[in-house]
Trainee: 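Dumping the structure here so I can ask a few things about it.
Both ligands and their constituent atoms are indexed starting at 1 by order of listing. The analysis underlying the following values was restricted to heavy atoms, covering all of them including side chains, and did not include hydrogens, waters or symmetry mates. For this chain, numbers begin at 1 and follow the sequence in order.
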Amino acid sequence: MNMSASTQLLKAQQLRITDMRIKVLDLFLSHQEALSQNDLENSLGEADRITLYRTLRTFEESGLIHKAIDGTDKQKYALCKHTQCKPNQHFDHHAHFHCDDCGKTTCVEEIAAPILSPPPGFSISKTHLVIHGTCSNCQVAS
Ligand SMILES: [Zn+2]
Ligand SMILES: [Zn+2]
Ligand SMILES: [Zn+2]
């Protein structure tokens, strides 16, 4: 049997294979940019919001997707790099690029978030690096 990429990913993370999980993973695999729950709802048509929300949470917990923090109030998610992230342990220390023209957010694996030393008495749990600008698609269009 020819397994789809989504099926393989679910199997690798030992997740039960459901229609919703396949559909959501297919969408992440076919998009370069990070997707919000709203984006996914628009593509899925009649998706049950609660099921979709739970699917995203399960994916995040199992190391399949991570939050792509882009400085906007929209919560977006992006696929983690293959097998890099583990359940409840993410290693996505890269920058996220937010295009001010089209509003799309993209992972920039080549740029790592800096390792900073905290001020005395402070401790750092996470550092986000957000880059604003114009993406390659919009550069071409203008
Ligand atoms: Zn991750
Ligand atoms: Zn753009
Ligand atoms: Zn990312």
Trainee: With ring pair (Phe, Tyr, Trp, His ring centres under 6.0 Å) as the criterion, how do H96 and H132 come out once you've worked through the C-alpha distance, each side chain's angles and the decisive distance to 0.1 Å?
Mentor: CA-CA 9 Å; H96 288 108; H132 283 262; over 10 Å; no
Trainee: Any chance CD1 of I124 has more than 12 other-residue heavy atoms, nucleotides or ligands included, within less than 6.0 Å?
Mentor: yes
Trainee: Just grab all the side-chain hydrogen bond (donor to acceptor under 3.5 Å, both in side chains) pairs involving residues 20-31, residues at least two apart or on different chains.
Mentor: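 Sorted result for residues 20-31: S6-D26.
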Trainee: On a heavy-atom basis, which atom in A68 and which in A78 lie closest, and how many Å separate them?
Mentor: CB-CB, 4.4 Å
Trainee: Any chain of hydrophobic side-chain contacts (each under 4.5 Å) joining L52 to I17?
Mentor: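 In one cluster: yes.
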Trainee: Taking transitive links into account, so neighbours of neighbours count too, which hydrophobic residues share a cluster with I115 at under 4.5 Å side-chain distance?
Mentor: none
Trainee: Under 3.5 Å, side chain of H66 to main-chain N/O of H93, donor-acceptor pair present?
Mentor: no
Trainee: Is it true that a side-chain atom of Q37 and a backbone atom of R49 form a donor plus acceptor pair closer than 3.5 Å?
Mentor: yes
Trainee: Just to confirm my numbers, could you give the angle made at the Zn ion (ligand 3) by SG of C107 and NE2 of H96, rounded to 10°?
Mentor: 110°
Trainee: At distances under 2.8 Å, what protein N, O or S atoms surround the Zn ion (ligand 1)?
Mentor: C80 SG, C85 SG, H90 ND1, D92 OD2
Trainee: Using a cut-off of 2.8 Å, how many protein N, O or S atoms lie below it in distance from the Zn ion (ligand 2)?
Mentor: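 Near the Zn ion (ligand 2), the number of protein N, O or S atoms below 2.8 Å is 4.
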Trainee: Using modelled atom types only, decide if a donor and an acceptor are shared between the side chain of E33 and the backbone of K104 within a distance under 3.5 Å.
Mentor: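 Between the backbone of K104 and the side chain of E33 there is no qualifying donor-acceptor contact (under 3.5 Å).
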